[in-house]
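Here the structure is laid out as structure tokens; the discussion comes afterwards.
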Amino acid sequence: MTNLFDIKGQVVVITGGTGILGRCIAKYLAENGAKVVIIGRKAEVGEAIVADIAKAGGVAEFQKGDVMSVEQMEAIRDSVVEKYGRVDTLLNAAGGNMPGATITPDQNFFDLKPDEFQKVLSLNLTGTVIPTQVFLKPMVAQGKGSVVNFSSMAAFRPMTRVCGYAAAKAGISNFTAYMATECAKKFGEGIRVNAIAPGFFITEQNRALLTNPDGTFTQRGQDVIRQTPFGRMGEPEELCGTIHYLISDAAKFVTGTVAVVDGGFNTFAM
């Protein structure tokens with residue numbers, strides 16, 4: 001039988017690919033034969049990631065771009081299609097948070113800053129919609145492709161503090177389900193749209209929230225561990241297998257789902 005997990009030669013575009021999770025996924029996919037295009041705003045970081053992948057024998061390139069710019073995304077798409085002839089997978093890993101879109105324990109709802117709330121919504125949600133709209137076009141033309149969005153534990157349960165981020169990620173899950181039906185009905189079963197919902201992983205964005213300068217966990221970090229049956233944070237590479245599955249033919253009949261990778265966090269009740 002054909003290896004359903006074979007992704008050799010797949011052209012994979014990753015937005016937010018310079019982050020801790022994105023770079024780990026990019027390297028893994030390249031090691032398994034995919035041709036990876038990393039999109040981000042930090043050229044120096046992106047080029048370093050590409051060099052690291054090349055050392056391991058993988059194929060990757062960095063393209064500087066802002067997911068909020070249709071023009072920049074279209075320019076990158078056109079260069080990718082010109083070089084490789086196709087786009088097989090889009091991983092929408094770009095996102096982030098802002099202080100004004102959060103509510104700390106010593107604040108209340110009236111301290112929320114609507115402008116920063118809107119920016120967080122835009123970056124996470126619209127910053128997924130725009131690349132999807134742009135990179136979906138060659139997938140539709142070739143009759144096959146896969147989009148994987150990045151949702152969050154905050155999409156399942158409204159967590160304290162992260163008001164804007166949670167709202168945006170709930171939107172990502174809804175958008176994923178919507179697009180799965182939209183694509184299947186109008187473009188055929190070859191186009192699949194899914195999402196991954198990571199549990200808690202230490203990244204540059206949440207490091208100060210979850211850990212102290214000495215590496216111990218803050219109270220919030222301890223709360224996460226207490227509510228995670230595995231009793232620990234996730235490691236970036238633990239997302240790679242699920243991503244691999246979702247973009248491969250092993251998931252040929254899978255669309256509209258949000259795959260949870262959380263050490264049991266979302267199942268914990270007491």
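In this text, all values refer to a predicted model and were calculated from it rather than measured experimentally.
With N206 contributing its side chain and T203 its backbone, the two residues share a donor-acceptor pair below 3.5 Å. Side chain of Q10 to main chain of A34: no donor-acceptor pair is present (N/O by atom type, distance under 3.5 Å, no hydrogens or angles). Of the possible donor and acceptor atoms, none in the side chain of D249 sits under 3.5 Å from a partner among the backbone N and O of D6. A donor-acceptor pair is defined here as one N or O able to donate and one able to accept, closer than 3.5 Å; such a pair exists between the side chain of T15 and the backbone of A93.
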Compile the donor-acceptor pairs under 3.5 Å between side chains in residues 258-270 and protein atoms, sequence neighbours left out, one pair per line.
unit_1: D262; atom_1: OD1; unit_2: G264; atom_2: N; d: 2.9
unit_1: D262; atom_1: OD2; unit_2: F265; atom_2: N; d: 3.2
unit_1: D262; atom_1: OD2; unit_2: N266; atom_2: N; d: 2.6
unit_1: T267; atom_1: OG1; unit_2: G264; atom_2: O; d: 2.7

Could you tabulate the donor-acceptor pairs under 3.5 Å formed by side-chain atoms of residues 22-32, not counting sequence neighbours?
unit_1: R23; atom_1: NE; unit_2: T18; atom_2: O; d: 3.3
unit_1: R23; atom_1: NE; unit_2: G19; atom_2: O; d: 3.3
unit_1: R23; atom_1: NH2; unit_2: T18; atom_2: O; d: 2.6
unit_1: K27; atom_1: NZ; unit_2: D52; atom_2: OD2; d: 3.1
unit_1: Y28; atom_1: OH; unit_2: H244; atom_2: ND1; d: 2.6
unit_1: N32; atom_1: ND2; unit_2: Y28; atom_2: O; d: 2.9

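Annotation: the span from F217 atom CZ to Q222 atom CD amounts to 8.5 Å, rounded to 0.5 Å. Between the CG atom in N97 and the CD atom in E116 there is a gap of 9.5 Å [rounded to 0.5 Å]. Atom CD1 of I191 and atom CG of L136 lie 6.0 Å apart (nearest 0.5 Å). Atom CG of L21 and atom CG of L91 lie 12.0 Å apart (nearest 0.5 Å). Between the CE atom in M153 and the OG1 atom in T228 there is a gap of 9.0 Å [rounded to 0.5 Å]. Rounded to the nearest 0.5 Å, atoms NZ (K144) and CE (M139) are 12.0 Å apart.
For E189, the CD atom sits in a loose shell: 12 or fewer heavy atoms of surrounding residues, nucleotides or ligands are nearer than 6.0 Å. Annotation: E182, atom CD; neighbour count of heavy atoms from other residues, nucleotides and ligands within 6.0 Å is above 12.
Between A167 and F117, the closest heavy-atom pair is CB-CZ, 4.2 Å. Looking at every heavy atom in both residues, C163 comes nearest to L112 through SG-CD2, 4.1 Å. Of all non-hydrogen atoms in P131 and M73, the two that sit nearest each other are CG-SD, 4.3 Å. When all heavy atoms of A208 and T218 are compared, the closest pair comes out as O-CG2, 4.1 Å. Scanning all heavy atoms of the two residues, the minimum distance from V120 to Y165 falls at CG1-N, 3.6 Å. Closest approach of F62 to K42, counting heavy atoms only: CZ-O, 3.7 Å.
Residues N92 and F175 form no side-chain contact, since every pair of their non-hydrogen atoms from C-beta on lies 4.5 Å or further apart. Residues E61 and K83 meet the side-chain proximity criterion, which asks for heavy atoms closer than 4.5 Å. Residues R220 and T160 form a side-chain contact, since some pair of their non-hydrogen atoms from C-beta on lies under 4.5 Å apart. Residues I20 and R207 form a side-chain contact, since some pair of their non-hydrogen atoms from C-beta on lies under 4.5 Å apart. Using a 4.5 Å heavy-atom cutoff, the side chains of E74 and S69 are not in contact.
No continuous path of ILVMFWY side-chain contacts below 4.5 Å connects V12 to V80, so the two sit in separate hydrophobic clusters. Residue F150 is not grouped with residue V67 when hydrophobic side chains (ILVMFWY) are merged at heavy-atom distances under 4.5 angstrom, including chains of intermediate members. Cluster annotation: V254 and F187 are assigned to distinct hydrophobic clusters (Ile/Leu/Val/Met/Phe/Trp/Tyr, side-chain heavy-atom contacts under 4.5 Å, transitive). Hydrophobic clustering keeps F201 apart from I225 (ILVMFWY residues linked when any side-chain heavy atoms are closer than 4.5 Å, directly or through intermediates). Clustering ILVMFWY residues whenever any of their side-chain heavy atoms sit less than 4.5 angstrom apart, transitively, puts L246 in a cluster other than the one holding V193.
I172 is linked by a side chain to side chain contact (heavy atoms under 4.5 Å, CB included) to L125, T128, N149, S151, K169, T176, counting only residues two or more places apart in sequence or in another chain. The side chain to side chain donor-acceptor pair (under 3.5 Å) check on R232 picks up E238, with sequence neighbours excluded.
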- Query: Can I53 and I38 be said to form a side-chain contact (heavy atoms from CB on, under 4.5 Å), step by step?
  - Reply: CA-CA 11 Å; I53 290 173; I38 298 168; 4.2 Å; yes
- Task: List the steps and the verdict of side-chain contact (heavy atoms from CB on, under 4.5 Å) for T132 and M179.
- Result: CA-CA 9 Å; T132 300; M179 284 301 296; 4.2 Å; yes
- Task: Show your working on side-chain contact (heavy atoms from CB on, under 4.5 Å) between K35 and D88 and close with a plain yes or no.
- Result: CA-CA 10 Å; K35 299 170 183 176; D88 296 295; over 6 Å; no
- Message: Could you walk me through whether K137 and V140 satisfy the side-chain contact (heavy atoms from CB on, under 4.5 Å) test, starting with their C-alpha distance in whole Å, then the side-chain angles of each, then the deciding distance to 0.1 Å, before giving a yes or no?
- Response: CA-CA 5 Å; K137 286 187 177 180; V140 171; 5.9 Å; no
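Counting only residues at least two apart or in different chains, side chain to side chain donor-acceptor pair (under 3.5 Å) contacts with residues 118-127 comprise Q118-S122. Sorted by first and then second residue, the side chain to side chain donor-acceptor pair (under 3.5 Å) pairs involving residues 191-200 (not counting sequence neighbours) form an empty list.
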